[in-house]
Amino acid sequence: MKDQEVKILSNIQVSERYWHMVVDASGLASDVEPGQFFYIDCGQENESFLRRPFSVYRINQDDQTLEFLYLTKGLGTQALTKLKQGETVRSFGPLGQGFSLQEDAQKILLLARGVGIATLAALAQEASKKGVQCAAILSARSHNDLLAAEMLQGFGAEVHKVTEEDGTSDVENVRDIIEDITARHNIDAAYTCGSRRLSRLLQDITSKKDIPAEIALEEHMGCAMGVCYACVCDVVEDDEIRTVRVCLEGPVFPLQKVMMQP
C-alpha cells in the first residue's frame, strides 16, 4: 500500500447521482485486487474531514490507471466532484482483503445493489480475463443508476436489471431470477455487495445450494487501518461470534460467516 498523490485523468458526472473518476496509477495498478479499496482525500477545505473509502471500479494494468464510480451523497463526495482533470488527489491503498476467484471456476453469480455494482465490476473484469463466465443481477432505484450494465455485458456477462422504477427489485422477484440462473447454470461461486436485504437472500440460497459465496461490506471508516474500530461487524467462526474490522479483515468476507442485521 502507498500514500501518495495521484493525478486525475478525468472526473465527470455520468448520471444524476453518480460520478466517474480515472486516475494515473503508475506502479499501483498491478498490485490491486478486485474488492480492495482506496482511502481518498476528497479535497475538502475543512481539514478535519476524514478521507473516504472508494472501492475500485476498474483496474487497467496496461494503461496503468484505476477507475472509481462513486455516489455523491455527503460533503466528502460533493467536494470530490469539484476536482478537475490534471489536478491531484491524495490516495492511500490498496487496502483490505479482496475477492477470491477459484482457479477452476467456470461460472459465477454477481448480485449488486446501487453503488455496490462498482465493487463487483472489477471482479467481473478479472473473471473475463480468466475466461470465467458471469451472470449478474443489478439492482438500482432507476435505469439511470445502472451504470455498469453495459460494461459487464462487454465482459460477456449475462445481465439482469431490476429497478424500483419498474417495480422489479423486490426480494421475491430477485429470488426467482437467482433460482432460474442456478437452475440453468452450474454456479461455482456467488458474490454480493450493496444491500443487506439482498445479501440475506443470497446467504439463504447459497447455503441451501452449498455454493461458496462472498460479500463486500460497506461501512463508515475512521482510519481505514484497523486502529479506530469504527467499522466493525460481527461474524461467526467455530460457532462463536467475533467482532472484526471491515477495513482490515475485510471488506470481503465469506457470506455465510457474516451476521446480517434486519
Side-chain angles (χ1 to χ4, degrees), residues 1-6 8 19 21 23 25 28 31-57 59 66-83 88-100 112-120 122-123 191-197 199-200 203 214-238 240-262:
M1 68 184 74
K2 295 180 180 179
D3 187 11
Q4 63 181 36
E5 296 281 343
V6 294
I8 297 173
W19 284 64
M21 181 171 68
V23 302
L28 273 179
D31 299 325
V32 184
E33 299 177 1
Q36 290 187 303
F37 68 96
F38 283 78
Y39 204 40
I40 295 177
D41 184 342
C42 295
Q44 308 96 326
E45 293 181 3
N46 186 341
E47 295 181 359
S48 68
F49 287 150
L50 298 171
R51 296 189 187 190
R52 300 295 190 271
F54 293 91
S55 59
V56 180
Y57 181 49
I59 305 164
L66 292 173
E67 300 180 29
F68 301 93
L69 181 68
Y70 62 97
L71 170 68
T72 54
K73 60 185 296 186
L75 293 176
T77 49
Q78 289 172 13
L80 188 61
T81 65
K82 295 179 172 58
L83 297 180
T88 61
V89 64
R90 193 144 199 95
S91 171
F92 182 38
L95 299 168
Q97 308 301 316
F99 293 108
S100 58
R113 168 76 181 182
V115 77
I117 295 171
T119 303
L120 293 180
L123 177 61
Y191 306 85
T192 188
C193 182
S195 167
R196 291 298 177 104
R197 180 187 58 159
S199 296
R200 287 194 299 270
Q203 193 178 57
E214 292 182 338
I215 180 173
L217 293 178
E218 300 173 311
E219 296 289 344
H220 293 293
M221 295 180 184
C223 69
M225 297 182 63
V227 177
C228 69
Y229 283 79
C231 61
V232 296
C233 73
D234 291 335
V235 299
V236 178
E237 291 184 343
D238 300 323
E240 293 185 357
I241 298 176
R242 291 182 55 229
T243 298
V244 295
R245 296 156 293 184
V246 171
C247 67
L248 194 63
E249 284 89 4
V252 176
F253 296 93
L255 179 58
Q256 297 305 330
K257 291 185 177 183
V258 176
M259 296 185 67
M260 293 293 174
Q261 300 299 324

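Residue indices begin at 1 and follow the sequence shown.
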Q: What is the minimum heavy-atom distance between Leu120 and Cys193, and which atoms define it?
A: CD1-N, 4.1 Å

Q: Shortest non-hydrogen contact from Thr72 to Thr77?
A: CA-OG1, 3.4 Å

Q: Can you list the residues that meet the side chain to side chain donor-acceptor pair (under 3.5 Å) rule with Ser199, with sequence neighbours excluded?
A: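 Listed in chain order: nothing, the list is empty.
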
Q: The criterion is side chain to side chain donor-acceptor pair (under 3.5 Å); which residues satisfy it with Ser91, sequence neighbours excluded?
A: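 Residues passing side chain to side chain donor-acceptor pair (under 3.5 Å) with Ser91: none at all.
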
Q: Does Ser195 have any side chain to side chain contact (heavy atoms under 4.5 Å, CB included) partners at least two apart in sequence or in another chain, and if so, which?
A: Arg113, Arg197, Leu198

Q: Only counting residues at least two apart or in another chain, list the ones meeting side chain to side chain contact (heavy atoms under 4.5 Å, CB included) with Arg90.
A: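 Once residues adjacent in sequence are excluded, the partners of Arg90 under the side chain to side chain contact (heavy atoms under 4.5 Å, CB included) criterion are Asp3, Glu5, Asp41, Arg51.
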
Q: Please enumerate all residues that pass side chain to side chain contact (heavy atoms under 4.5 Å, CB included) together with Lys82, with sequence neighbours excluded.
A: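 Counting only residues at least two positions away or on another chain, Lys82 forms no side chain to side chain contact (heavy atoms under 4.5 Å, CB included).
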
Q: So, taking the atom named NE2 in His220 and the one named CZ in Arg52, what distance separates them when rounded to the nearest 0.5 Å?
A: 9.0 Å

Q: Which distance, rounded to the nearest 0.5 Å, do you find between the SG of Cys42 and the CG of Leu83?
A: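 Cys42 atom SG to Leu83 atom CG measures 8.0 Å (nearest 0.5 Å).
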
Q: For Val246 and Leu217, work out which heavy atoms get closest and say how close.
A: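 Taking every non-hydrogen atom into account, CG1-O, 3.9 Å.
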
Q: Roughly how far apart are Thr192 OG1 and Arg200 CZ, rounded to 0.5 Å?
A: 11.5 Å

Q: With rounding to the nearest 0.5 angstrom, report the CE to CG distance, Met221 to Leu50.
A: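 Output value for this atom pair is 12.0 Å.
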
Q: List the steps and the verdict of side-chain contact (heavy atoms from CB on, under 4.5 Å) for Glu218 and Val115.
A: CA-CA 10 Å; Glu218 300 173 311; Val115 77; 3.4 Å; yes

Q: Roughly how far apart are Met21 CE and Leu69 CG, rounded to 0.5 Å?
A: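 That separation rounds to 10.5 Å.
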
Q: Quick one: ring pair (Phe, Tyr, Trp, His ring centres under 6.0 Å) partners of Phe38, sequence neighbours excluded?
A: Phe68

Q: Between Cys233 and Val244, is any pair of side-chain heavy atoms under 4.5 Å apart?
A: yes

Q: Residues in ring pair (Phe, Tyr, Trp, His ring centres under 6.0 Å) with Phe54, at least two apart?
A: Tyr70

Q: Would you indicate whether the side-chain heavy atoms of Tyr39 and Cys223 approach each other to under 4.5 Å?
A: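 No, their side chains stay 4.5 Å or more apart.
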
Q: List for me each residue that meets salt bridge (charged side-chain N to carboxylate O under 4.0 Å, His left out) alongside Glu237, sequence neighbours excluded, and say none if there are none.
A: Arg242, Lys257

Q: Does Phe92 have any ring pair (Phe, Tyr, Trp, His ring centres under 6.0 Å) partners at least two apart in sequence or in another chain, and if so, which?
A: none

Q: In chain order, what residues pass the side chain to side chain donor-acceptor pair (under 3.5 Å) check against Glu219, with sequence neighbours excluded?
A: Arg196

Q: Residues two or more places apart in sequence or in another chain: which of them pass side chain to side chain contact (heavy atoms under 4.5 Å, CB included) with Gln36?
A: Val32, Glu33, Pro94

Q: Can you name the closest pair of heavy atoms from Cys247 and Gly226 and give their distance?
A: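 For Cys247 versus Gly226, the nearest heavy atoms are SG-N, 3.2 Å.
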
Q: Side chains of Phe99 and Thr119: does their closest heavy-atom pair fall under 4.5 Å?
A: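 Yes, close enough: below the 4.5 Å cut-off.
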
Q: Report the residues that fulfil salt bridge (charged side-chain N to carboxylate O under 4.0 Å, His left out) with Glu67, sequence neighbours left out, ordered by chain and then residue number.
A: none

Q: Under the side-chain contact (heavy atoms from CB on, under 4.5 Å) rule, what do Val252 and Tyr191 come out as? Steps first, then yes or no, please.
A: CA-CA 9 Å; Val252 176; Tyr191 306 85; over 6 Å; no

Q: Heavy atoms only: give me the nearest Pro34-Ala122 pair and the separation to one decimal.
A: CG-O, 3.5 Å

Q: At what distance, to the nearest 0.5 angstrom, does CG of Leu66 lie from OH of Tyr57?
A: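 Reported to 0.5 Å precision, the distance equals 14.0 Å.
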
Q: What closest approach, in Å, do Gly222 and Ala230 show between heavy atoms, and which atom pair accounts for it?
A: N-CB, 4.0 Å

